[in-house]
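First comes the structure, then the notes that go with it.
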Amino acid sequence: MQTKYKSARCGEITVSDVGKEVVLAGWVHQVRDLGGKKFVILRDGSGLIQVTITKGSVPDEIVSIVEQLTPESVIQVKGVVKGDPRAPRGIEITPIEIRVLSRAKAPLPLDVSSKVKADIDTRLRERVLDLRRLESRALVRIMNSVVRTIREELLSRGFVEVFTPKIIATATEGGANLFPIIYFGREAFLAQSPQLYKELLAAALERVFEIGPAWRAEESDTPYHLAEFISVDIEAAFMDYNDVMKILEDILQKILKTLEKENSEDLKILNHTLPNVSFPLPRITYTEALDILKRRGLDIKFGDDLGTPELRLLSTEIESHFYFIIDFPTKTRPFYTKPRDDDPELSESFDLVWQYLELASGSSRIHDKEMLISSIKSRGLNVENFNYFIKWFDYGMPPHAGWGLGLARLLLPLTGRSSVKEVTLFPRDKKRLIP
RNA sequence: GCCGCGGUAGUAUAGCCCGGCCAGUAUGCGGGCCUGUCGAGCCCGUGACCCGGGUUCAAAUCCCGGCCGCGGCGCCA
(Lines give C-alpha, C1' and ligand atoms only; values in the text may rest on other atoms or scores of the structure.)
Protein backbone atom coordinates (compact mmCIF):
# COMPACT_ATOMS: atom_id res chain seq x y z
CA MET A 1 0.00 0.00 0.00
CA GLN A 2 1.25 3.41 -0.99
CA THR A 3 1.38 6.08 1.69
CA LYS A 4 2.61 9.61 2.07
CA TYR A 5 5.97 8.17 3.13
CA LYS A 6 6.55 5.18 0.89
CA SER A 7 5.48 3.70 -2.42
CA ALA A 8 6.41 0.13 -1.51
CA ARG A 9 7.58 -2.03 1.39
CA CYS A 10 11.08 -3.49 1.54
CA GLY A 11 10.15 -7.14 1.78
CA GLU A 12 7.55 -6.92 -0.96
CA ILE A 13 9.90 -5.81 -3.71
CA THR A 14 10.76 -8.62 -6.13
CA VAL A 15 12.69 -9.11 -9.36
CA SER A 16 9.54 -8.16 -11.25
CA ASP A 17 10.01 -4.60 -9.95
CA VAL A 18 13.43 -4.21 -11.57
CA GLY A 19 13.65 -0.85 -13.31
CA LYS A 20 10.92 0.78 -11.23
CA GLU A 21 11.47 3.87 -9.16
CA VAL A 22 10.35 3.37 -5.57
CA VAL A 23 10.25 5.30 -2.32
CA LEU A 24 11.05 3.17 0.72
CA ALA A 25 11.18 4.03 4.40
CA GLY A 26 12.41 2.06 7.35
CA TRP A 27 15.20 1.48 9.84
CA VAL A 28 18.90 1.18 9.13
CA HIS A 29 19.46 -2.48 9.95
CA GLN A 30 23.14 -2.52 9.07
CA VAL A 31 25.71 -0.48 7.19
CA ARG A 32 28.62 -2.21 5.50
CA ASP A 33 31.05 0.44 4.34
CA LEU A 34 33.72 -0.79 1.97
CA GLY A 35 34.90 2.68 1.08
CA GLY A 36 33.90 3.27 -2.52
CA LYS A 37 31.05 0.82 -2.15
CA LYS A 38 28.58 1.04 0.70
CA PHE A 39 25.69 -1.23 1.53
CA VAL A 40 22.79 -0.12 3.69
CA ILE A 41 20.44 -2.87 4.75
CA LEU A 42 17.06 -1.22 5.12
CA ARG A 43 14.41 -2.87 7.26
CA ASP A 44 10.71 -2.22 7.61
CA GLY A 45 7.78 -4.26 8.90
CA SER A 46 7.80 -6.43 5.80
CA GLY A 47 11.46 -7.36 5.64
CA LEU A 48 14.89 -6.29 4.45
CA ILE A 49 16.32 -4.85 1.28
CA GLN A 50 19.79 -3.75 0.32
CA VAL A 51 20.55 -0.20 -0.77
CA THR A 52 23.81 -0.04 -2.68
CA ILE A 53 25.78 3.20 -2.83
CA THR A 54 28.58 3.41 -5.34
CA LYS A 55 30.87 6.38 -4.93
CA GLY A 56 31.06 8.35 -8.13
CA SER A 57 27.79 7.12 -9.56
CA VAL A 58 25.48 8.61 -6.93
CA PRO A 59 25.42 12.23 -5.74
CA ASP A 60 28.16 13.06 -3.18
CA GLU A 61 25.44 14.19 -0.80
CA ILE A 62 24.12 10.62 -0.55
CA VAL A 63 27.62 9.31 0.15
CA SER A 64 28.13 11.73 3.02
CA ILE A 65 24.67 11.01 4.49
CA VAL A 66 25.41 7.29 4.45
CA GLU A 67 28.81 7.81 6.08
CA GLN A 68 27.03 9.43 9.02
CA LEU A 69 24.20 6.90 9.35
CA THR A 70 23.78 5.17 12.69
CA PRO A 71 22.11 1.77 13.10
CA GLU A 72 18.36 1.97 13.73
CA SER A 73 18.06 5.47 12.35
CA VAL A 74 14.88 5.94 10.35
CA ILE A 75 15.45 6.88 6.73
CA GLN A 76 13.53 7.36 3.54
CA VAL A 77 15.11 6.19 0.30
CA LYS A 78 14.04 7.12 -3.18
CA GLY A 79 15.72 4.92 -5.72
CA VAL A 80 15.57 2.48 -8.59
CA VAL A 81 15.21 -1.27 -8.22
CA LYS A 82 18.17 -3.06 -9.80
CA GLY A 83 18.60 -6.73 -10.44
CA ASP A 84 22.01 -8.10 -9.42
CA PRO A 85 22.93 -11.70 -8.65
CA ARG A 86 25.40 -10.49 -5.99
CA ALA A 87 22.62 -8.82 -3.98
CA PRO A 88 20.51 -10.65 -1.38
CA ARG A 89 17.34 -11.89 -3.08
CA GLY A 90 18.89 -10.77 -6.38
CA ILE A 91 17.65 -7.21 -6.02
CA GLU A 92 18.93 -3.96 -4.57
CA ILE A 93 18.13 -0.27 -4.60
CA THR A 94 20.27 2.36 -6.29
CA PRO A 95 19.43 5.53 -4.41
CA ILE A 96 18.50 8.83 -5.97
CA GLU A 97 17.82 10.51 -2.65
CA ILE A 98 18.18 9.57 1.02
CA ARG A 99 16.54 11.48 3.87
CA VAL A 100 17.12 10.89 7.55
CA LEU A 101 13.76 11.07 9.33
CA SER A 102 15.06 10.19 12.79
CA ARG A 103 18.66 9.76 13.80
CA ALA A 104 19.33 7.00 16.33
CA LYS A 105 21.77 7.57 19.16
CA ALA A 106 24.84 5.34 19.26
CA PRO A 107 25.74 2.97 20.72
CA LEU A 108 22.47 1.11 21.06
CA PRO A 109 21.74 -0.57 24.40
CA LEU A 110 20.96 -3.75 22.48
CA ASP A 111 22.33 -5.10 19.24
CA VAL A 112 19.32 -5.29 16.93
CA SER A 113 21.23 -7.19 14.26
CA SER A 114 21.85 -9.91 16.89
CA LYS A 115 25.58 -10.22 16.36
CA VAL A 116 26.07 -9.87 20.10
CA LYS A 117 23.55 -11.74 22.18
CA ALA A 118 21.82 -10.19 25.15
CA ASP A 119 20.26 -11.96 28.07
CA ILE A 120 16.54 -11.93 28.70
CA ASP A 121 16.71 -9.25 31.37
CA THR A 122 18.49 -6.81 29.07
CA ARG A 123 16.17 -7.73 26.25
CA LEU A 124 13.07 -7.00 28.27
CA ARG A 125 14.51 -3.74 29.56
CA GLU A 126 15.31 -2.69 25.99
CA ARG A 127 12.20 -4.38 24.67
CA VAL A 128 11.36 -2.06 21.80
CA LEU A 129 14.80 -2.58 20.29
CA ASP A 130 14.56 -6.27 21.07
CA LEU A 131 11.25 -6.53 19.23
CA ARG A 132 12.97 -5.19 16.12
CA ARG A 133 15.20 -8.24 16.03
CA LEU A 134 14.46 -10.77 13.31
CA GLU A 135 13.96 -13.46 15.93
CA SER A 136 11.47 -11.44 17.95
CA ARG A 137 9.56 -10.54 14.83
CA ALA A 138 9.37 -14.20 13.89
CA LEU A 139 7.89 -14.90 17.33
CA VAL A 140 5.26 -12.22 16.88
CA ARG A 141 4.32 -13.52 13.45
CA ILE A 142 3.91 -17.02 14.84
CA MET A 143 1.77 -15.65 17.65
CA ASN A 144 -0.36 -13.98 15.01
CA SER A 145 -0.80 -17.18 13.03
CA VAL A 146 -1.80 -19.00 16.19
CA VAL A 147 -4.38 -16.41 17.21
CA ARG A 148 -5.77 -16.19 13.70
CA THR A 149 -6.07 -19.96 13.42
CA ILE A 150 -7.86 -20.21 16.74
CA ARG A 151 -10.25 -17.45 15.75
CA GLU A 152 -10.99 -18.88 12.30
CA GLU A 153 -11.48 -22.38 13.65
CA LEU A 154 -13.90 -21.26 16.35
CA LEU A 155 -15.82 -18.92 14.06
CA SER A 156 -16.24 -21.73 11.55
CA ARG A 157 -17.82 -23.83 14.29
CA GLY A 158 -20.42 -21.22 15.09
CA PHE A 159 -18.70 -19.61 18.05
CA VAL A 160 -19.07 -15.86 18.41
CA GLU A 161 -16.31 -13.67 19.73
CA VAL A 162 -17.22 -11.77 22.88
CA PHE A 163 -15.66 -9.34 25.30
CA THR A 164 -16.34 -9.71 29.00
CA PRO A 165 -15.80 -7.08 31.68
CA LYS A 166 -12.29 -6.88 33.05
CA ILE A 167 -13.30 -4.80 36.04
CA ILE A 168 -15.23 -7.03 38.36
CA ALA A 169 -16.87 -6.87 41.78
CA THR A 170 -15.77 -10.15 43.34
CA ALA A 171 -13.48 -13.09 42.85
CA THR A 172 -14.77 -15.52 40.24
CA GLU A 173 -13.21 -18.55 41.83
CA GLY A 174 -11.31 -19.27 44.96
CA GLY A 175 -7.56 -19.49 44.96
CA ALA A 176 -5.94 -16.92 42.77
CA ASN A 177 -5.20 -13.53 44.25
CA LEU A 178 -6.79 -10.57 42.56
CA PHE A 179 -5.41 -7.12 41.93
CA PRO A 180 -7.59 -4.65 43.78
CA ILE A 181 -8.45 -1.36 42.10
CA ILE A 182 -10.47 1.66 43.14
CA TYR A 183 -13.61 1.96 41.09
CA PHE A 184 -15.22 5.36 41.72
CA GLY A 185 -14.44 5.05 45.38
CA ARG A 186 -15.50 1.42 45.65
CA GLU A 187 -13.32 -1.65 45.81
CA ALA A 188 -13.17 -3.65 42.62
CA PHE A 189 -10.76 -6.10 41.01
CA LEU A 190 -9.08 -6.91 37.75
CA ALA A 191 -10.59 -10.09 36.33
CA GLN A 192 -8.57 -13.24 36.92
CA SER A 193 -10.64 -15.06 34.30
CA PRO A 194 -13.72 -14.48 32.13
CA GLN A 195 -15.15 -17.70 33.55
CA LEU A 196 -18.49 -16.67 35.01
CA TYR A 197 -19.29 -14.15 32.31
CA LYS A 198 -18.53 -16.56 29.52
CA GLU A 199 -20.87 -19.10 31.12
CA LEU A 200 -23.63 -16.49 31.23
CA LEU A 201 -22.95 -15.59 27.60
CA ALA A 202 -23.13 -19.26 26.60
CA ALA A 203 -26.58 -19.20 28.18
CA ALA A 204 -27.46 -16.38 25.80
CA LEU A 205 -25.48 -17.02 22.61
CA GLU A 206 -24.79 -20.77 22.88
CA ARG A 207 -21.19 -20.76 21.68
CA VAL A 208 -18.79 -18.00 22.65
CA PHE A 209 -15.10 -17.36 22.84
CA GLU A 210 -12.84 -14.60 24.03
CA ILE A 211 -9.16 -13.85 23.53
CA GLY A 212 -8.16 -11.33 26.13
CA PRO A 213 -6.11 -10.44 29.19
CA ALA A 214 -6.44 -11.85 32.68
CA TRP A 215 -4.62 -10.88 35.85
CA ARG A 216 -3.29 -12.86 38.77
CA ALA A 217 -1.53 -11.35 41.76
CA GLU A 218 0.26 -14.57 42.59
CA GLU A 219 3.66 -14.96 44.20
CA SER A 220 4.57 -17.13 41.23
CA ASP A 221 8.03 -16.35 39.99
CA THR A 222 8.72 -18.89 37.27
CA PRO A 223 9.24 -18.96 33.49
CA TYR A 224 5.58 -19.98 33.13
CA HIS A 225 3.78 -17.29 35.10
CA LEU A 226 2.91 -13.69 34.44
CA ALA A 227 0.87 -11.17 36.41
CA GLU A 228 -0.92 -10.33 33.15
CA PHE A 229 -1.48 -12.92 30.47
CA ILE A 230 -3.58 -13.54 27.39
CA SER A 231 -6.17 -16.20 27.89
CA VAL A 232 -8.09 -17.96 25.13
CA ASP A 233 -11.45 -18.95 26.53
CA ILE A 234 -14.36 -20.82 25.04
CA GLU A 235 -17.72 -21.79 26.47
CA ALA A 236 -20.41 -23.77 24.70
CA ALA A 237 -23.93 -24.76 25.64
CA PHE A 238 -25.04 -28.30 24.87
CA MET A 239 -21.53 -29.65 25.00
CA ASP A 240 -19.71 -31.66 27.62
CA TYR A 241 -16.02 -31.86 28.43
CA ASN A 242 -15.34 -34.46 25.76
CA ASP A 243 -16.83 -32.19 23.12
CA VAL A 244 -14.76 -29.17 24.07
CA MET A 245 -11.64 -31.31 24.49
CA LYS A 246 -12.12 -32.43 20.89
CA ILE A 247 -12.36 -28.79 19.80
CA LEU A 248 -9.15 -27.96 21.65
CA GLU A 249 -7.41 -30.92 20.07
CA ASP A 250 -8.62 -29.98 16.60
CA ILE A 251 -7.43 -26.41 17.11
CA LEU A 252 -3.99 -27.61 18.14
CA GLN A 253 -3.82 -29.79 15.05
CA LYS A 254 -4.90 -26.88 12.83
CA ILE A 255 -2.31 -24.59 14.42
CA LEU A 256 0.49 -27.05 13.73
CA LYS A 257 -0.66 -27.31 10.12
CA THR A 258 -0.89 -23.56 9.69
CA LEU A 259 2.55 -22.92 11.15
CA GLU A 260 4.10 -25.59 9.00
CA LYS A 261 2.52 -24.07 5.93
CA GLU A 262 2.80 -20.36 6.62
CA ASN A 263 5.60 -19.83 9.11
CA SER A 264 8.39 -22.10 7.96
CA GLU A 265 10.66 -19.08 7.42
CA ASP A 266 9.97 -17.86 10.96
CA LEU A 267 10.63 -21.29 12.42
CA LYS A 268 13.90 -21.37 10.54
CA ILE A 269 14.85 -17.98 12.02
CA LEU A 270 14.07 -19.41 15.47
CA ASN A 271 15.95 -22.60 14.65
CA HIS A 272 12.96 -24.56 15.86
CA THR A 273 11.25 -27.68 14.58
CA LEU A 274 7.59 -28.13 15.36
CA PRO A 275 6.81 -31.06 17.65
CA ASN A 276 5.58 -34.16 15.90
CA VAL A 277 2.14 -34.80 17.34
CA SER A 278 -0.24 -37.62 16.53
CA PHE A 279 -3.95 -37.21 17.09
CA PRO A 280 -6.06 -37.95 18.99
CA LEU A 281 -3.97 -37.06 22.03
CA PRO A 282 -3.70 -39.57 24.85
CA ARG A 283 -6.22 -39.13 27.64
CA ILE A 284 -4.95 -40.25 31.02
CA THR A 285 -7.27 -40.18 33.97
CA TYR A 286 -6.09 -38.61 37.18
CA THR A 287 -6.40 -42.03 38.80
CA GLU A 288 -4.20 -43.63 36.13
CA ALA A 289 -1.68 -40.84 36.58
CA LEU A 290 -1.55 -41.62 40.27
CA ASP A 291 -0.92 -45.30 39.52
CA ILE A 292 1.90 -44.43 37.13
CA LEU A 293 3.50 -42.16 39.70
CA LYS A 294 3.13 -44.82 42.39
CA ARG A 295 4.90 -47.31 40.16
CA ARG A 296 7.71 -44.80 39.77
CA GLY A 297 8.00 -44.41 43.51
CA LEU A 298 6.05 -41.20 44.09
CA ASP A 299 3.32 -41.68 46.61
CA ILE A 300 0.65 -39.14 45.75
CA LYS A 301 -2.62 -39.42 47.61
CA PHE A 302 -5.99 -39.10 45.90
CA GLY A 303 -6.89 -35.43 46.07
CA ASP A 304 -3.33 -34.16 45.91
CA ASP A 305 -2.40 -31.77 43.15
CA LEU A 306 -0.10 -32.91 40.40
CA GLY A 307 2.74 -30.42 40.75
CA THR A 308 5.61 -29.74 38.38
CA PRO A 309 7.86 -32.53 39.72
CA GLU A 310 4.98 -35.02 39.37
CA LEU A 311 4.17 -33.91 35.82
CA ARG A 312 7.85 -34.04 34.86
CA LEU A 313 7.95 -37.66 35.94
CA LEU A 314 4.59 -38.48 34.41
CA SER A 315 5.59 -37.07 31.02
CA THR A 316 8.50 -39.50 30.81
CA GLU A 317 5.95 -42.33 30.87
CA ILE A 318 3.79 -40.91 28.10
CA GLU A 319 4.69 -41.23 24.43
CA SER A 320 3.13 -37.95 23.32
CA HIS A 321 4.52 -34.52 24.19
CA PHE A 322 0.93 -33.30 24.44
CA TYR A 323 -1.64 -35.17 26.49
CA PHE A 324 -4.82 -34.72 28.46
CA ILE A 325 -5.20 -35.54 32.10
CA ILE A 326 -8.90 -36.04 32.75
CA ASP A 327 -11.34 -36.72 35.58
CA PHE A 328 -9.67 -34.81 38.38
CA PRO A 329 -11.01 -35.12 41.91
CA THR A 330 -13.96 -32.79 42.20
CA LYS A 331 -12.67 -30.96 45.22
CA THR A 332 -9.40 -29.95 43.52
CA ARG A 333 -11.32 -28.12 40.80
CA PRO A 334 -13.28 -24.84 40.89
CA PHE A 335 -16.84 -24.79 42.19
CA TYR A 336 -18.49 -24.60 38.75
CA THR A 337 -16.96 -27.93 37.69
CA LYS A 338 -19.49 -30.69 37.11
CA PRO A 339 -18.95 -33.93 39.06
CA ARG A 340 -19.21 -37.22 37.19
CA ASP A 341 -22.69 -38.75 37.37
CA ASP A 342 -21.30 -42.21 38.14
CA ASP A 343 -18.79 -41.01 40.75
CA PRO A 344 -19.24 -37.54 42.25
CA GLU A 345 -15.76 -37.69 43.81
CA LEU A 346 -14.44 -37.30 40.27
CA SER A 347 -15.27 -34.50 37.90
CA GLU A 348 -15.77 -34.04 34.18
CA SER A 349 -12.59 -32.04 33.93
CA PHE A 350 -9.32 -32.00 32.03
CA ASP A 351 -5.97 -30.30 31.64
CA LEU A 352 -4.05 -30.13 28.39
CA VAL A 353 -0.43 -30.71 29.32
CA TRP A 354 2.72 -30.27 27.25
CA GLN A 355 5.51 -32.24 28.87
CA TYR A 356 5.11 -30.90 32.39
CA LEU A 357 3.36 -27.62 31.65
CA GLU A 358 -0.37 -27.08 31.92
CA LEU A 359 -1.48 -25.27 28.78
CA ALA A 360 -5.24 -25.39 29.15
CA SER A 361 -7.81 -26.37 31.67
CA GLY A 362 -11.48 -27.12 31.17
CA SER A 363 -14.56 -29.00 32.24
CA SER A 364 -18.26 -29.63 31.96
CA ARG A 365 -19.98 -27.07 34.14
CA ILE A 366 -22.71 -27.46 36.68
CA HIS A 367 -25.98 -26.16 35.22
CA ASP A 368 -28.27 -27.12 38.09
CA LYS A 369 -28.81 -24.28 40.52
CA GLU A 370 -29.08 -26.33 43.72
CA MET A 371 -26.01 -28.35 42.86
CA LEU A 372 -24.11 -25.15 42.13
CA ILE A 373 -25.06 -23.61 45.47
CA SER A 374 -23.99 -26.66 47.42
CA SER A 375 -20.74 -26.75 45.45
CA ILE A 376 -20.02 -23.15 46.39
CA LYS A 377 -20.81 -23.87 50.02
CA SER A 378 -18.72 -27.01 50.15
CA ARG A 379 -15.69 -24.94 49.19
CA GLY A 380 -16.29 -22.48 51.97
CA LEU A 381 -17.18 -19.68 49.58
CA ASN A 382 -19.87 -17.13 50.29
CA VAL A 383 -22.97 -17.78 48.17
CA GLU A 384 -24.01 -14.12 48.48
CA ASN A 385 -21.03 -13.07 46.39
CA PHE A 386 -22.22 -15.18 43.50
CA ASN A 387 -25.86 -14.16 43.40
CA TYR A 388 -25.34 -12.12 40.26
CA PHE A 389 -24.24 -15.37 38.65
CA ILE A 390 -26.54 -17.93 40.27
CA LYS A 391 -29.63 -15.85 39.52
CA TRP A 392 -29.53 -16.77 35.87
CA PHE A 393 -29.68 -20.47 36.62
CA ASP A 394 -33.40 -19.86 37.26
CA TYR A 395 -34.09 -18.84 33.69
CA GLY A 396 -32.96 -21.65 31.44
CA MET A 397 -29.34 -22.62 31.95
CA PRO A 398 -28.32 -25.26 29.42
CA PRO A 399 -25.70 -27.91 30.09
CA HIS A 400 -22.41 -26.39 29.02
CA ALA A 401 -18.66 -26.83 28.96
CA GLY A 402 -15.54 -24.87 28.11
CA TRP A 403 -11.86 -24.30 28.60
CA GLY A 404 -9.25 -21.65 29.08
CA LEU A 405 -5.87 -21.73 27.33
CA GLY A 406 -2.76 -19.72 28.14
CA LEU A 407 -1.61 -18.23 24.85
CA ALA A 408 2.00 -17.65 25.89
CA ARG A 409 2.29 -21.13 27.33
CA LEU A 410 0.99 -22.64 24.11
CA LEU A 411 3.62 -20.68 22.22
CA LEU A 412 6.49 -22.34 24.08
CA PRO A 413 6.27 -25.72 22.31
CA LEU A 414 5.49 -23.94 19.04
CA THR A 415 8.50 -21.62 19.13
CA GLY A 416 11.05 -23.50 21.19
CA ARG A 417 11.38 -20.62 23.67
CA SER A 418 11.64 -21.44 27.34
CA SER A 419 9.91 -18.51 29.02
CA VAL A 420 6.48 -17.00 28.57
CA LYS A 421 8.16 -13.62 29.03
CA GLU A 422 9.90 -14.10 25.72
CA VAL A 423 6.66 -14.65 23.84
CA THR A 424 4.82 -11.75 25.48
CA LEU A 425 5.41 -8.32 23.99
CA PHE A 426 5.61 -6.42 27.27
CA PRO A 427 5.52 -8.99 30.06
CA ARG A 428 4.31 -8.08 33.53
CA ASP A 429 5.78 -10.08 36.37
CA LYS A 430 6.30 -9.53 40.05
CA LYS A 431 9.22 -7.16 39.55
CA ARG A 432 8.67 -5.82 36.05
CA LEU A 433 6.18 -3.04 35.43
CA ILE A 434 8.19 -1.11 32.83
CA PRO A 435 8.29 -0.99 29.86
C1' G B 1 8.36 -16.68 50.02
C1' C B 2 12.38 -20.78 50.26
C1' C B 3 16.87 -23.17 48.06
C1' G B 4 20.93 -23.00 44.47
C1' C B 5 23.92 -20.18 41.05
C1' G B 6 25.35 -15.46 39.46
C1' G B 7 26.26 -9.63 39.01
C1' U B 8 33.26 -7.26 35.31
C1' A B 9 33.04 -1.53 29.35
C1' G B 10 26.75 0.11 25.67
C1' U B 11 26.16 -5.47 24.91
C1' A B 12 28.13 -10.53 25.71
C1' U B 13 32.01 -12.66 28.34
C1' A B 14 37.51 -14.30 30.55
C1' G B 15 39.93 -13.63 35.11
C1' C B 16 37.71 -15.23 41.07
C1' C B 17 39.13 -21.72 43.70
C1' C B 18 45.11 -20.37 44.49
C1' G B 19 44.51 -11.99 46.77
C1' G B 20 49.76 -8.59 44.11
C1' C B 21 51.66 -7.07 36.60
C1' C B 22 48.66 -1.70 31.96
C1' A B 23 41.64 -6.46 34.30
C1' G B 24 41.99 -10.12 28.73
C1' U B 25 38.53 -11.16 24.45
C1' A B 26 34.34 -10.35 21.09
C1' U B 27 30.95 -6.82 19.49
C1' G B 28 29.81 -1.67 19.66
C1' C B 29 31.70 3.37 19.43
C1' G B 30 35.69 7.23 17.27
C1' G B 31 39.60 7.53 13.48
C1' G B 32 42.31 5.37 9.11
C1' C B 33 42.59 1.89 4.62
C1' C B 34 39.32 -0.52 1.33
C1' U B 35 34.24 -0.32 -5.32
C1' G B 36 30.28 -6.49 -4.07
C1' U B 37 29.46 -6.64 1.27
C1' C B 38 25.76 -10.18 3.16
C1' G B 39 28.34 -11.86 11.21
C1' A B 40 32.64 -7.82 5.48
C1' G B 41 38.07 -7.47 6.42
C1' C B 42 42.70 -5.11 8.27
C1' C B 43 45.24 -1.17 11.47
C1' C B 44 45.00 2.54 15.62
C1' G B 45 42.19 4.34 19.63
C1' U B 46 38.05 4.27 23.37
C1' G B 47 35.32 2.23 27.31
C1' A B 48 34.04 -1.94 32.98
C1' C B 49 35.00 -4.94 38.40
C1' C B 50 26.39 -3.90 41.51
C1' C B 51 26.08 -1.10 46.50
C1' G B 52 27.75 -0.92 51.71
C1' G B 53 30.81 -2.93 55.48
C1' G B 54 34.88 -6.27 57.03
C1' U B 55 39.77 -9.19 56.70
C1' U B 56 44.71 -7.87 54.66
C1' C B 57 50.67 -4.29 53.57
C1' A B 58 47.39 -5.29 49.27
C1' A B 59 40.52 -7.26 47.26
C1' A B 60 37.33 -8.04 40.74
C1' U B 61 39.26 -12.24 43.67
C1' C B 62 38.22 -14.01 50.68
C1' C B 63 33.98 -12.95 54.57
C1' C B 64 29.10 -10.47 56.03
C1' G B 65 24.69 -7.59 54.70
C1' G B 66 21.65 -5.36 50.88
C1' C B 67 19.76 -4.82 45.94
C1' C B 68 19.14 -7.04 41.20
C1' G B 69 19.11 -11.29 37.74
C1' C B 70 18.72 -16.58 36.25
C1' G B 71 17.18 -21.65 37.51
C1' G B 72 14.47 -24.98 40.77
C1' C B 73 10.55 -25.39 44.40
C1' G B 74 6.14 -23.45 46.58
C1' C B 75 1.67 -20.83 45.29
C1' C B 76 -0.91 -20.82 40.77
C1' A B 77 -3.06 -21.19 35.08
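A note on names: the letters A, B, ... follow the listed sequences, proteins ahead of strands, and every chain is numbered from 1. Just so it is clear, the model here is predicted, and its values are computed rather than measured.
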Quiz item: NA contact type, Thr222(A), heavy-atom cut-off 4.0 Å: base, sugar-phosphate, or nothing?
Solution: base
Self-check item: Contacts of type side-chain contact (heavy atoms from CB on, under 4.5 Å), residue Arg409(A), not counting sequence neighbours
Solution: Tyr224(A), His225(A), Leu357(A), Glu358(A), Leu359(A), Val420(A)
Self-check item: Mutual orientation of the aromatic rings belonging to Phe350(A) and Phe324(A) [parallel < 30°, tilted 30-60°, perpendicular > 60°]
Solution: perpendicular
Exercise. Tell me, yes or no, whether the heavy-atom count around Glu12(A) atom CD, taken from other residues, nucleotides or ligands under 6.0 Å, exceeds 12.
Key: yes
Exercise. Specify the residue among Gln30(A) and Lys37(A) whose closest nucleotide of RNA chain B lies further upstream toward the 5′ end.
Key: Lys37(A)
Quiz item: So, Arg132(A) and Ser136(A): side-chain donor and acceptor under 3.5 Å apart, yes or no?
Solution: no
Exercise. Let me have a per-nucleotide readout for nucleotides 6-13 of chain B, 5' to 3', with B, S or -, counting only protein heavy atoms under 4.0 Å.
Key: ----SBS-
Practice problem: Find the distance Leu306(A):CG to C75(B):P and express it as a whole number of Å. | Solution: 12 Å
Quiz prompt | Met239(A) and Ile247(A), any side-chain heavy atoms less than 4.5 Å apart | solution = yes
Quiz item: Does the ring of Tyr336(A) carry Arg365(A) above it, NZ/CZ under 6.0 angstrom from centre and within 45° of its axis?
Solution: no
Quiz prompt | G72(B) OP1/OP2 closer than 4.0 Å to side-chain N/O of Arg312(A) | solution = yes
Listed pairs, N/O of protein and of nucleotides 1-3 of chain B, under 3.5 Å:
none

Quiz item: Are the aromatic ring centres of Phe189(A) and Tyr183(A) under 6.0 angstrom apart?
Solution: no
Quiz item: Any luck finding a side-chain donor-acceptor pair between Trp27(A) and Glu72(A) under 3.5 Å?
Solution: no
Quiz prompt | Distance in angstrom units between His29(A) NE2 and A40(B) C1', rounded | solution = 15 Å
Practice problem: Return the value, rounded to whole Å, for the distance between atom CG of Leu178(A) and atom C1' of C76(B). | Solution: 13 Å
Practice problem: Find the partner of G74(B): check Watson-Crick (N1-N3 plus N6-O4 or O6-N4) and G-U wobble (N1-O2, O6-N3) distances, both under 3.5 Å, and reply none if neither fits. | Solution: none
Quiz prompt | Any-strand Watson-Crick or G-U partner of G65(B), both distances under 3.5 Å | solution = C51(B)
Quiz item: Restricting to pairs with a member in residues 322-333 of chain A, which pass salt bridge (charged side-chain N to carboxylate O under 4.0 Å, His left out), not counting sequence neighbours?
Solution: Asp327(A)-Arg340(A), Arg333(A)-Asp351(A)
Quiz item: Excluding sequence neighbours, so at least two apart, what forms side-chain contact (heavy atoms from CB on, under 4.5 Å) with Val100(A)?
Solution: Ile65(A), Leu69(A), Ile75(A), Arg103(A)
Quiz item: So what's C29(B) paired with, Watson-Crick or G-U wobble, going by both distances under 3.5 Å?
Solution: G45(B)
Practice problem: Return the residues of residues 81-89 of chain A meeting this criterion: a heavy atom under 4.0 Å from some atom of RNA chain B. Order them by number, or give none. | Solution: Asp84(A), Arg86(A), Ala87(A), Pro88(A)
Self-check item: Contact residues, residues 412-426 of chain A to RNA chain B [heavy atom, < 4.0 Å]
Solution: none
Quiz item: Which whole-number value in Å describes the distance from Lys38(A) NZ to C38(B) P?
Solution: 16 Å
Quiz item: Considering residues at least two apart in sequence or located in another chain, which fulfil the side-chain hydrogen bond (donor to acceptor under 3.5 Å, both in side chains) criterion with Glu135(A)?
Solution: Arg417(A)
Practice problem: Using a cut-off of strictly less than 4.0 Å between a heavy atom of the residue and any atom of RNA chain B, enumerate the qualifying residues of residues 225-233 of chain A by number. | Solution: His225(A), Leu226(A), Phe229(A)
Quiz prompt | Spacing between Leu34(A) atom CG and C33(B) atom C1', to the nearest angstrom | solution = 11 Å
Quiz item: Just how far, in rounded Å, is P of U37(B) from CZ of Phe39(A)?
Solution: 7 Å
Quiz item: Is the shortest heavy-atom distance from the side chain of Arg428(A) to the side chain of Leu433(A) under 4.5 Å?
Solution: yes
Practice problem: Identify, with sequence neighbours excluded, every residue that meets side-chain hydrogen bond (donor to acceptor under 3.5 Å, both in side chains) alongside Glu161(A). | Solution: Arg151(A)
Quiz item: Is the distance between the ring centroids of Phe386(A) and Phe335(A) under 6.0 Å?
Solution: yes
Self-check item: Val31(A) vs Pro71(A) side-chain heavy atoms within contact, under 4.5 Å
Solution: no
Practice problem: For Glu97(A), enumerate each residue passing the side-chain hydrogen bond (donor to acceptor under 3.5 Å, both in side chains) test, keeping only those at least two apart in sequence or located in another chain. | Solution: none
Self-check item: Pairing partner of G39(B) (Watson-Crick or G-U wobble, both distances under 3.5 Å)
Solution: none
Self-check item: Residue list, side-chain hydrogen bond (donor to acceptor under 3.5 Å, both in side chains) with Thr337(A), at least two apart or on another chain
Solution: none
Quiz item: Across all strands shown, which nucleotide pairs with C22(B) by Watson-Crick or G-U wobble geometry, both distances under 3.5 Å?
Solution: none
